[in-house]
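First comes the structure, then the notes that go with it.
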Amino acid sequence: MKKLILILAIVLVQQFSVNSQSLSPHVLATAGGYFAAGGSSLSWTMGETFNTTLQNGGVILTQGQQQPYVQLTILNLKVFIEGFYIGGGLMNNCLNITGVSICCPTDADTVEISAMDAAPPHNLVDAQLGILKTNGDVTVTFSPLVIPNTSYYIKVNHRNSVETWSANAVVLTTSTMYSFASSASQAYASNQATTFDALYAAMYSGDINQDGAIDGSDFLEFDPPSQAGAGGYEVADVNGDGAVDGSDFLVFDPNSQNGVGAAVPFP
């Protein structure tokens with residue numbers, strides 16, 4: 001009798017295993033909420049038949065599975081590149097004249113804007129690429145890694161300029177404006193050039209190999225394309241006019257002679 005009961009138990013377990021299934025519940029939400037009081041909480045979700053993602057300025061709402069309401073951080077910068085600057089608050093439209101950006105005659109070049117931790121060792125929090133306009137304007141939207149109303153150093157990188165940091169950590173809100181161009185002192189250690197018309201500050205040009213210093217090693221990168229009369233979107237085109245020639249050397253050489261290099265907050 002005991003043997004029979006054991007056999008039946010084994011059969012039932014096997015049948016249950018065969019017929020069982022793994023459930024992965026999903027819901028697409030039209031609405032939901034969360035409430036807490038007196039040590040208890042309630043989270044609710046109302047289903048929907050489709051979903052989408054909505055954004056308004058610095059706020060993004062992802063519909064679907066119950067997800068958080070996220071505030072994004074938008075940074076509006078004003079920054080000039082020394083070599084690209086042609087006067088009157090304008091720069092060469094390098095991206096446009098070289099055919100990289102055929103849509104927009106006011107596209108100067110691409111820059112990388114980074115939010116760096118305010119505390120040593122100032123690690124990278126997030127970095128975004130932006131299109132720098134001929135008037136010095138560039139706007140980027142950071143990922144949710146950058147928390148609104150928190151302080152970060154702002155770092156700007158350009159393909160043949162010295163990386164430039166903000167003078168101090170800046171409180172980034174959902175929409176922040178910061179101008180490197182208004183004064184050299186807006187950069188860490190005032191590490192910027194003054195434009196030839198003395199109207200603005202600008203990132204030093206000439207760090208062609210991006211090693212943090214403008215020196216003879218950059219000339220080694222500049223000389224071959226200059227001798228070959230290279231044109232187009234070239235990293236050695238320090239003034240952004242679409243050609244690598246003597247006019248670029250006139251920008252590069254003084255900075256090389258003066259030992260210009262990156263100034264970075266002490267880690």
Side-chain angles (χ1 to χ4, degrees), residues 26-36 41 43-81 91 95 100-101 103-104 106-159 161 163-182 186-188 201 203 264-265 267:
H26 296 281
V27 62
L28 301 179
T30 55
Y34 176 84
F35 305 94
S41 64
S43 177
W44 64 275
T45 300
M46 181 181 294
E48 67 174 4
T49 57
F50 60 91
N51 63 19
T52 187
T53 298
L54 306 174
Q55 183 172 347
N56 182 14
V59 177
I60 185 169
L61 174 64
T62 54
Q63 296 178 333
Q65 284 74 20
Q66 190 169 336
Q67 296 181 26
Y69 178 78
V70 180
Q71 285 188 309
L72 299 178
T73 304
I74 298 174
L75 177 60
N76 304 286
L77 285 183
K78 174 79 88 173
V79 57
F80 286 119
I81 298 169
M91 293 182 288
L95 282 184
V100 176
S101 172
C103 70
C104 308
T106 59
D107 286 351
D109 211 346
T110 302
V111 290
E112 181 181 67
I113 312 298
S114 303
M116 312 296 291
D117 199 334
H122 309 301
N123 291 324
L124 172 68
V125 178
D126 189 37
Q128 299 292 331
L129 293 177
I131 300 297
L132 180 64
K133 297 297 184 178
T134 53
N135 66 355
D137 289 347
V138 58
T139 298
V140 293
T141 301
F142 289 117
S143 77
L145 292 173
V146 176
I147 303 170
N149 303 313
T150 304
S151 295
Y152 301 92
Y153 276 99
I154 302 167
K155 184 179 69 149
V156 184
N157 288 90
H158 173 251
R159 61 196 176 103
S161 301
E163 75 171 53
T164 304
W165 292 57
S166 58
N168 300 289
V170 178
V171 177
L172 299 183
T173 65
T174 55
S175 183
T176 304
M177 173 66 193
Y178 189 85
S179 176
F180 282 93
S182 60
Q186 290 290 95
Y188 185 79
M203 296 174 66
V264 178

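What you see is a predicted model; the values in this text were computed from it and never measured.
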Search all heavy atoms of [X] against all heavy atoms of [Y] and return the closest pair with its distance.
X    : Y    : value
K78  : D137 : NZ-OD1, 3.1 Å
D107 : K133 : OD1-NZ, 2.5 Å
A118 : S151 : CB-O, 3.5 Å
V79  : M91  : O-CE, 4.0 Å
V125 : M116 : CG2-C, 4.2 Å
S143 : Q128 : N-NE2, 4.0 Å

Min side-chain heavy-atom separation L172-P148 under 4.5 Å: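 Answer no - side chains too far apart.
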
Within-4.5 Å side-chain heavy-atom neighbours: V156 and E112: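 No; the side chains remain at least 4.5 Å from each other.
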
Intermediate values then yes/no, side chain to side chain contact (heavy atoms under 4.5 Å, CB included), Y152 and V170: CA-CA 5 Å; Y152 301 92; V170 178; over 6 Å; no

Measuring from atom [atom1] of [X] to atom [atom2] of [Y], what distance do you get when rounded to the nearest 0.5 angstrom?
X    : Y    : atom1 : atom2 : value
T141 : I74  : OG1   : CD1   : 4.5 Å
Q186 : S179 : CD    : OG    : 6.0 Å
L75  : T173 : CG    : OG1   : 9.0 Å
L77  : M177 : CG    : CE    : 7.0 Å
S161 : F80  : OG    : CZ    : 13.5 Å

Contact list for residues 117-149, test ring pair (Phe, Tyr, Trp, His ring centres under 6.0 Å), sequence neighbours left out: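 Every pair satisfying ring pair (Phe, Tyr, Trp, His ring centres under 6.0 Å) with a residue in residues 117-149: H122-Y153.
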
Identified side-chain contact (heavy atoms from CB on, under 4.5 Å) partner of L95 from the options I131, L132, T134: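 Among I131, L132, T134, the one that satisfies the side-chain contact (heavy atoms from CB on, under 4.5 Å) with L95 is I131.
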
Given D126, T73, I113, L129, the one that forms side-chain contact (heavy atoms from CB on, under 4.5 Å) with V140: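 Filter result, single survivor: I113.
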
Side chains of N76 and T139, donor plus acceptor under 3.5 Å: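 Side chains of N76 and T139: pair found under 3.5 Å.
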
From CA spacing to verdict: side chain to side chain contact (heavy atoms under 4.5 Å, CB included), F180, I154: CA-CA 10 Å; F180 282 93; I154 302 167; 4.2 Å; yes

Worked check of side chain to side chain contact (heavy atoms under 4.5 Å, CB included) between E163 and V264: CA-CA 9 Å; E163 75 171 53; V264 178; 3.6 Å; yes

